[in-house]
Amino acid sequence: MRFRGKLMDIECIQHFTRVVSTVSKLAKTCTLKIDRSNVYFILPGSVVSGDISIWCELPQCHIFTEFNMEGLSEDADEIFLELTPENIVKAMKSARNAKWVKMKLTNKHIPCITFEVELPSLTNLPRTVIHDVPVCVIPRRSWAEFQEPKLTDFDISIYMPPLKVVKNIVDRMKHLGNFVMLSVNRNGEMTLKVETDLVSVSTHFYNLTCPNSRSWSKDPSVTRTPTQSRHQIKSVEVRVNIQKLAQFVSSQQVVPQKVVCNIHANRTVHFLLLHNDVTLQYFLPVVSM
């Protein structure tokens, strides 16, 4: 397996840093998947066991000026690496004013992704900083655990209000209880509510948009049409862990153009962040009442 990439545009360097920083705030460890077209950050999780899961995807051609990779074999032309995203963030901190950044899969007693950062210099001598980020190569027999989650028919979908506004509200609510009730209806209304024996606090959002699946699907040719029974559902209310919701709304270093909230009652809340070339999916399990 081989991987080598070079980032030369400062905006691409900063953009990549913001994406990885967002992932690092959501997961202590994750899987980095590399193929010919895209780079992925993945945290697999089980809704049944109450775990969150993450799928972040960005095209390599929008990040790297130079890109070369060879997967495990011709019929398995992919690379799967387990790593700590915070280590990449630390490596990229030295690249804020970099002339270029090279990333390369290396073997230095243990597998690593080596970051070589070329910094501006006042002399003719180059200033280069090298960071080795340890990784664990995931064997092919485990690759099936890291496939993109299949999106089932959701009961209802709605475009979220600005995440900064939601963050300010959730940050205050999380001190009142462990769970928050999330209510959405097809009139474009969304409610966040925390209720305890001593207090009941709710915030209401109005005039939001309920999109159809074609408008937010990554593949516009695919339409996820709800079944007739689900299409008749006018409102949904679910309970989720408020700390996990707060973690999600507080993690965003990339300001998304759109955030779609899809709810599958009694199962999961799916947040889809769309920002130019970046797609981030966050699956938050529903807590039974």
In Å, rounded to the nearest 0.5 Å, how long is the span from CG of N107 to CE of M1?
10.0 Å
Using every non-hydrogen atom in the two residues, find where Y206 and H204 come nearest and quote the distance to one decimal.
OH-CB, 3.5 Å
So if I apply the side-chain contact (heavy atoms from CB on, under 4.5 Å) rule between I158 and each of V259, L208, V260, N185, which one comes out positive?
L208
Taking atom CG as the centre, does D75 end up with more than 12 heavy-atom neighbours from other residues, nucleotides or ligands that are less than 6.0 angstrom away?
yes
Path from V287 to L284 over hydrophobic side-chain contacts below 4.5 Å
no
Compare all side-chain heavy atoms of M181 with those of E195 and state whether any distance is below 4.5 angstrom.
no
Is the closest side-chain heavy-atom distance between T31 and E145 below 4.5 Å?
no
Give the table of side-chain donor-acceptor pairs shorter than 3.5 Å for residues 58-71, with sequence neighbours excluded, one pair per line with atom names and distance.
residue, atom, partner, partner atom, Å
Q60, NE2, R36, O, 3.2
H62, ND1, D277, OD2, 3.4
E66, OE1, R4, NH1, 3.2

Before giving the answer on side-chain contact (heavy atoms from CB on, under 4.5 Å), spell out for D171 and K174 the whole-Å C-alpha distance, their side-chain angles and the decisive distance to 0.1 Å.
CA-CA 6 Å; D171 282 346; K174 68 182 182 181; 3.7 Å; yes
So for atom CD, which belongs to E74, do other residues, nucleotides or ligands contribute more than 12 heavy atoms lying within a distance under 6.0 Å?
no
Nearest atoms (heavy-atom pairs only) where I242 meets G177:
CG2-O, 3.3 Å
Side-chain touch V278/H15, heavy atoms, less than 4.5 angstrom:
yes
Minimum heavy-atom distance between K193 and S200, given as atom pair plus value:
CE-OG, 3.4 Å
Does the plane of the ring in H270 sit parallel, tilted or perpendicular to the ring in F283? Use 30° and 60° as the thresholds.
tilted
Shared hydrophobic cluster for I113 and V129 (ILVMFWY, side-chain gaps under 4.5 Å):
yes
Tell me the closest heavy-atom pair linking L43 and A27, and the distance in Å.
CD2-CB, 3.8 Å
If we only count heavy atoms from C-beta on, is the F248 to V269 side-chain gap below 4.5 Å?
no
Is there a side-chain contact (heavy atoms from CB on, under 4.5 Å) between V240 and V180? Walk through the geometry before answering.
CA-CA 6 Å; V240 296; V180 59; 3.6 Å; yes
Rounded to the nearest 0.5 Å, the CG atom of L26 sits from the OG atom of S250 at a distance of 9.5 Å
Classify the ring geometry between F16 and F41 as parallel (under 30°), tilted (30 to 60°) or perpendicular (over 60°).
tilted
SG-CG distance between C56 and L32, expressed to the nearest 0.5 angstrom:
10.5 Å
Does any N or O in the side chain of T268 come within less than 3.5 Å of the main-chain N or O of H264, such that one atom is a donor and the other an acceptor?
no
Between SG of C261 and CG of L182, what distance do you get to the nearest 0.5 Å?
5.0 Å
Steps toward side-chain contact (heavy atoms from CB on, under 4.5 Å) verdict (V166, L192):
CA-CA 9 Å; V166 179; L192 295 170; 4.2 Å; yes
In terms of heavy-atom contacts, W55 and F146 come closest through CZ3-O, 3.5 Å
Does any non-hydrogen side-chain atom of F271 lie less than 4.5 Å from one of L245?
yes
Tightest non-hydrogen contact, residues K244 and Y282, listed as O-OH, 3.1 Å
Value for CD (E78) from CD1 (I138), rounded to nearest 0.5 Å, stands at 11.5 Å
Taking the side chain as every heavy atom from C-beta outward, state whether V137 and L81 have any atom pair closer than 4.5 Å.
yes
So if you build clusters from Ile, Leu, Val, Met, Phe, Trp, Tyr with side-chain heavy-atom gaps below 4.5 Å, do V117 and M8 land together?
no
Filter on ring pair (Phe, Tyr, Trp, His ring centres under 6.0 Å), then keep only pairs touching residues 161-203, sequence neighbours left out; what's left?
none
Please answer: with hydrophobic residues joined when any side-chain heavy atoms are less than 4.5 Å apart, are V199 and M173 in the same cluster?
yes
If you look only at distance, which donor and acceptor atoms sit under 3.5 Å apart when one is on a side chain in residues 86-105 and the other is two or more places apart or in another chain?
residue, atom, partner, partner atom, Å
S94, OG, A91, O, 3.0
S94, OG, H131, NE2, 3.1

Do T279 and L274 come within less than 4.5 Å of each other through their side chains, counting heavy atoms only?
yes
N/O donor-acceptor pair under 3.5 Å between T196 side chain and L198 backbone
yes
Straight-line distance of Q252 CD to T22 OG1, nearest 0.5 Å
5.0 Å
Do L83 and V135 pass the side-chain contact (heavy atoms from CB on, under 4.5 Å) test, and can you show the C-alpha distance, the side-chain angles, and the key distance before you say yes or no?
CA-CA 5 Å; L83 51 76; V135 299; 3.9 Å; yes
Got F205 and V165 here, is their nearest side-chain heavy-atom distance under 4.5 Å?
yes
Side-chain (S24) to main-chain (S21) donor-acceptor, under 3.5 angstrom:
yes
Answer yes or no: does atom CG of N276 have more than 12 heavy-atom neighbours from other residues, nucleotides or ligands under 6.0 Å?
yes
